[in-house]
Structures are given as C-alpha cells and as structure tokens.
Amino acid sequence: QVQLVESGGGLVQAGGSLRLSCAASGSIFSINAMTMGWYRQAPGRQRELVAGITSGGYTKYAASVKGRFTISRDNTKNTVYLQMNSLKSADTAVYYCNTEGGRSAYWGQGTQVTVSS
C-alpha cells in the first residue's frame, strides 16, 4: 500500500512564500513512475489541480498559479515539492498531493495553507 503525507503548510502574509512537501511510503517504485500533482481545496469548493510533474520532470500549472508556484520531485527521497511564492489570499486552501488522476486510496489529510491580507 501507498501513503502520501503532506507537510509544510502554515499561516503566511500575502506576498510571502511556503514550500510544501509530499513524502511517500509503501510501494515507492510505483509512485516514482507516475505523474504526480498538487491539488488544493477550499471549504465548500471543488478540489482543483494546480500543478503536475511527470516521471521525466515535465511540469504543468494552472493559470492561476503559473509563474508563482514550482513543482519538483526527488525520487531518491520519495518526495514531491511545491514551492509557492508571491502568495495571495486566493491561494488559501488545504493542499494535497496525489497522482495525476487522483487515486481515491491515496488522498491524505493535506496541509493547510492560509494567506492573510
């Protein structure tokens, strides 16, 4: 089985930065071969994909975060990262990592990011 644990969230002022980490345990080889993504969900709103990274390191971003967020991965550490700069109040959400397709069994507790104005 695979477990994904998100960390690094917190309270930050608008314009500030945070780096989120997603540490994987279990069947790591399978995770490292997959396209991974960071998702976010605000209360009462749909979960949305904000960034993705393939096993080869190619990245894509939602228009709302492009130029501000950077997704990366270190397969030797079984970890996916999300560097978030120039944070806005609209970025406030719980952030989750998962595969590109969002496998139901892989959703964790997420990490809360709160951006104050």
Side-chain angles (χ1 to χ4, degrees):
Q1 66 275 20
V2 173
Q3 183 177 359
L4 302 174
V5 180
E6 302 92 344
S7 63
L11 176 64
V12 64
Q13 301 94 326
S17 298
L18 287 172
R19 190 181 77 153
L20 308 184
S21 297
C22 171
S25 63
S27 300
I28 304 303
F29 179 81
S30 296
I31 293 294
N32 288 344
M34 294 177 179
T35 296
M36 297 294 295
W38 281 97
Y39 302 75
R40 67 186 182 188
Q41 186 171 30
R45 302 176 66 179
Q46 283 190 315
R47 184 154 43 207
E48 62 174 337
L49 178 68
V50 298
I53 183 167
T54 71
S55 61
Y58 295 99
T59 60
K60 296 182 71 175
Y61 301 91
S64 59
V65 308
K66 191 172 184 178
R68 300 187 298 118
F69 291 10
T70 303
I71 187 172
S72 61
R73 70 195 302 168
D74 186 343
N75 288 343
T76 67
K77 297 181 178 179
N78 309 312
T79 302
V80 182
Y81 304 96
L82 185 68
Q83 178 67 46
M84 306 185 295
N85 298 326
S86 301
L87 283 162
K88 307 173 180 179
S89 295
D91 297 318
T92 295
V94 178
Y95 284 72
Y96 304 85
C97 65
N98 208 318
T99 63
E100 184 179 39
R103 296 181 185 271
S104 60
Y106 291 179
W107 294 115
Q109 295 300 309
T111 185
Q112 176 73 50
V113 172
T114 302
V115 184
S116 62
S117 59

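Residue numbers count from 1 along this sequence.
In this structure a side-chain-to-backbone donor-acceptor pair under 3.5 Å is present from Asn98 to Arg103. When atom types are taken as modelled, the side chain of Thr92 and the backbone of Val115 share a donor-acceptor pair closer than 3.5 angstrom. Proximity of a side-chain donor or acceptor of Arg73 to a complementary backbone N or O of Gly56 within less than 3.5 Å is not detected.
Summarising the geometry, atom OG1 belonging to Thr54 is positioned 9.0 Å from atom CD belonging to Glu100; distances are rounded to the nearest 0.5 Å. Taking CZ from Arg68 and CG from Leu87, the interatomic distance works out to 6.5 Å, rounded to the nearest 0.5 Å. Atom OH of Tyr58 sits about 15.5 Å away from atom CD1 of Ile71, to the nearest 0.5 Å.
Taking every heavy atom of both residues into account, Ala23 and Thr79 meet most closely at CA-OG1, 4.2 Å. Across every non-hydrogen atom of Met34 and Thr99, the tightest pair is SD-CG2, 3.3 Å. When all heavy atoms of Val94 and Gln112 are compared, the closest pair comes out as CG2-OE1, 3.2 Å. When all heavy atoms of Ala14 and Ser117 are compared, the closest pair comes out as CB-CA, 4.3 Å. Here the closest heavy-atom approach between residue Tyr61 and residue Thr70 is recorded as OH-CA, 3.3 Å. Ala42 and Ala93 make their closest contact through N-CB, 3.9 Å (heavy atoms, listed as atom of the first residue, atom of the second, distance).
Under the 4.5 Å side-chain contact rule for hydrophobic residues, Phe69 and Tyr81 do not share a cluster. Criterion: ILVMFWY side-chain heavy atoms under 4.5 Å apart, direct or through other members. Under it, Val12 and Val50 are part of a common hydrophobic cluster.
Within the 4.5 Å cutoff, the side chain of Glu6 has no heavy atoms near those of the Leu20 side chain. Looking at Met84 and Asp91, their side chains never come closer than 4.5 Å, going by heavy atoms from C-beta outward. Looking only at side-chain heavy atoms (C-beta outward), Cys97 and Val80 stay at 4.5 Å or farther from each other. By the 4.5 Å heavy-atom criterion applied to side chains, Glu48 and Arg40 are counted as neighbours.
Each ring pair (Phe, Tyr, Trp, His ring centres under 6.0 Å) pair with one or both residues in residues 95-117, not counting sequence neighbours, appears once here: Tyr39-Trp107, Tyr96-Trp107.
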